[in-house]
Amino acid sequence: MLQVCLNGARGPGDSAVVPMSPESLAESAARAVAAGAGEVRVHPRTPCGRTSLSPRVLTPVLAELRPAVSAVAGAPVPVTTVASAEPEPGRRVERIRSWTVLPDLVSVDWHEPGAGAVVAALLERGVGVEAALWSGTDGPERFAGSPPAPGVRRVLVRVTAAGSDGDPESAARALIATLAVQPGLPVPAHAPPAPAHGLPVQVHGLPVQVHGLPVLLHGEEDGAWPVLRLARRLGAGARIGLEDTLLLPDGTPARSNAELVTAALAYGRTGF
């Protein structure tokens, strides 16, 4: 599965091609899906460009995006509860409880204060949760320390520029290995021995999992393309888009999210 991440925290000051309004997000999503993306992630933004969890911002974005991605049957539209949208955890919970239209999946950054309360509020609303685990934070350790609640559908492993020490692929390998072979966690009886380099391998062709959940692995900036290549090798889900990088693999500026998706599917020419 290849996810396209349309905008993130970027805006016109980063690149003129970053979509912002509900209409431009829908157009960008439609083109990315036509190029081969199987899922669309978005940061709903206010007219002034701020990420927001307000129903007045979220509802029009979902209303525009869902018809735009209808070419992929059942393609979910994940959103995020990143703390920059609502720094106070209690306020984030209030926003979730005020939603009139529910997103398909919501990504929760496990290292952020109040993550547990945010997850509980989402599950109360019947919204699926993606556990977002960032390198360079204690999120992976928090998640690995206890089984996730029912309703957590996927693990997103994010190799940040700050948490990669200049070697994003090695950082991704170390993080995935830590999650997959965390001490004290049960190891499936059918799992093969861990390889010498500590990198989890596919079991009978099945993709890597954490706590039995599918994994979406991605990097950002200079790490976006190396980590995408690693995700493919592991059989994990991957993502690409203007949220993660403004550049194509050859270093030229991307003209759209669709161009990044096309490049990702051609990257190594083995497909997803």
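Numbers here are sequence positions counted from 1.
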Problem - Shared hydrophobic cluster for Leu123 and Leu105 (ILVMFWY, side-chain gaps under 4.5 Å) - result: no

Problem - Cationic N near anionic O, under 4.0 Å, Glu259 to Arg31 - result: no

Practice task
Answer yes when Glu220 and Arg239 have at least one side-chain N-carboxylate O distance shorter than 4.0 Å, and no when they do not.
Solution key: no

Practice task
Determine the minimum heavy-atom distance between Ala63 and Pro67, stating which atoms define it.
Solution key: O-CD, 3.1 Å

Problem - Salt bridge flag under 4.0 Å for residues Glu243 and Arg45 - result: no

Problem - Validation row: Pro140, His111 side chains within 4.5 angstrom (heavy atoms) - result: no

Practice task
Using modelled atom types only, decide if a donor and an acceptor are shared between the side chain of Trp225 and the backbone of Thr245 within a distance under 3.5 Å.
Solution key: no

Problem - Interatomic spacing from CG in Asn257 to CD1 in Ile240 - rounded to 0.5 Å - result: 9.5 Å

Problem - Spatial distance of atom CD (Glu23) from atom OG (Ser28) [nearest 0.5 Å] - result: 13.0 Å

Practice task
Of all the heavy-atom pairs spanning Ala231 and Gly237, show the shortest one and how long it is.
Solution key: CB-O, 3.7 Å

Problem - Val227/Arg173 under side chain to side chain contact (heavy atoms under 4.5 Å, CB included): CA gap, chis, key distance, verdict - result: CA-CA 9 Å; Val227 175; Arg173 288 172 181 266; over 6 Å; no

Practice task
Give a yes or no on this: more than 12 heavy atoms of other residues, nucleotides or ligands lie within 6.0 Å of atom CZ of Arg125.
Solution key: yes

Exercise for the section: Not counting sequence neighbours, which residues clear side-chain contact (heavy atoms from CB on, under 4.5 Å) with Arg97? List them please. Expected result: Val93, Glu124

Practice task
Would you name the heavy atoms of Ala37 and Val261 that are closest together and state the gap between them?
Solution key: N-CG1, 3.6 Å

Exercise for the section: Might you work through the side chain to side chain contact (heavy atoms under 4.5 Å, CB included) test for Val157 and Ile176, ending with a clear yes or no? Expected result: CA-CA 8 Å; Val157 177; Ile176 287 285; 4.0 Å; yes

Problem - Ionic contact status for Glu112 with Arg92, cut-off 4.0 Å - result: yes

Problem - Pairwise side-chain contact, Val129 with Arg153, heavy-atom cut-off 4.5 Å (strictly under) - result: no

Exercise for the section: With side chain to side chain contact (heavy atoms under 4.5 Å, CB included) as the test, would you mind laying out the steps for His218 and Gln3 before giving the verdict? Expected result: CA-CA 10 Å; His218 77 101; Gln3 180 190 86; over 6 Å; no

Problem - Heavy-atom side-chain contact between Leu213 and Phe143 under 4.5 Å - result: yes

Exercise for the section: Check whether any side-chain heavy atom of Leu133 sits under 4.5 Å from a side-chain heavy atom of Leu156, and report yes or no. Expected result: no

Problem - Check: Leu248 main-chain N/O paired with Thr252 side-chain donor or acceptor under 3.5 Å - result: no

Problem - Check: Ser256 and Val17 side chains under 4.5 Å, non-hydrogen atoms - result: no

Handout entry: Test item: Trp99 and Thr59 side chains (from C-beta on) under 4.5 Å apart, heavy atoms
Key = no

Practice task
Flag yes if Val61 and Val127 sit in one hydrophobic cluster, no otherwise; membership is Ile, Leu, Val, Met, Phe, Trp, Tyr, and two members link when side-chain heavy atoms are under 4.5 Å apart.
Solution key: yes

Practice task
State whether the number of non-hydrogen atoms from other residues, nucleotides or ligands found under 6.0 Å of Arg50 atom CZ is greater than 12.
Solution key: yes

Exercise for the section: Report yes if some heavy atom in the side chain of Pro60 is under 4.5 Å from a heavy atom in the side chain of Pro22; otherwise report no. Expected result: yes

Practice task
Over all heavy atoms of both residues, which pair between Pro89 and Gly114 is shortest? Give the atoms and the distance, please.
Solution key: CB-CA, 3.8 Å

Practice task
Among Asp244, Val42, Leu242, Thr80, find the residue that satisfies the side chain to side chain contact (heavy atoms under 4.5 Å, CB included) test when tested with Cys5.
Solution key: Asp244

Problem - Connected via hydrophobic side-chain network under 4.5 Å: Leu234 and Val159 - result: yes

Practice task
Would you give the length of the straight line joining atom OG of Ser21 to atom CG of Asn7, rounded to the nearest 0.5 angstrom?
Solution key: 10.5 Å

Problem - Donor-acceptor contact below 3.5 Å, side chain Glu86 vs main chain Glu88 - result: no

Practice task
Compute both the distance and the angle, then confirm whether Arg142 meets the cation-pi test with Trp110: under 6.0 Å from the six-membered ring centre, within 45 degrees of the axis.
Solution key: no

Problem - Side-chain touch Pro12/Met20, heavy atoms, less than 4.5 angstrom - result: yes

Practice task
First locate atom CG of Leu6, then atom CD of Glu27, and finally report the distance between them rounded to the nearest 0.5 Å.
Solution key: 11.5 Å

Exercise for the section: Using the rule that two of Ile, Leu, Val, Met, Phe, Trp, Tyr join whenever any of their side-chain heavy atoms come within less than 4.5 Å, decide whether Val215 and Leu175 are in one cluster. Expected result: yes

Exercise for the section: Determine the minimum heavy-atom distance between Ser84 and Pro87, stating which atoms define it. Expected result: O-CD, 4.3 Å

Handout entry: hydrophobic_cluster_shared for Val119 and Val82, side chain cutoff 4.5 Å
Key = no

Handout entry: Test item: Asp167 side-chain N/O and Ser170 main-chain N/O as donor-acceptor pair under 3.5 Å
Key = yes

Problem - Shortest non-hydrogen contact from Ser52 toward Thr46 - result: CB-CG2, 3.7 Å

Practice task
Would you check, one step at a time, whether the test side chain to side chain contact (heavy atoms under 4.5 Å, CB included) holds for Glu64 with Leu25?
Solution key: CA-CA 8 Å; Glu64 291 284 346; Leu25 287 165; over 6 Å; no

Problem - N/O donor-acceptor pair under 3.5 Å between Asp104 side chain and Val77 backbone - result: yes

Practice task
Indicate whether any N or O donor in one side chain lies under 3.5 Å from an N or O acceptor in the other, for Thr160 and Ser135.
Solution key: yes

Exercise for the section: Using a cut-off of 6.0 Å, state whether more than 12 heavy atoms not belonging to Asp222 lie near its atom CG. Expected result: no

Fill in the blank from the handout: Value for CD (Glu39) from CG (Leu216), rounded to nearest 0.5 Å, stands at 7.0 Å

Handout entry: Rounded distance (nearest 0.5 Å) linking atom CG of Leu53 with atom NE2 of His43
Key = 10.0 Å

Handout entry: Residues Arg158, Asp109: salt bridge by 4.0 Å N-O rule
Key = no

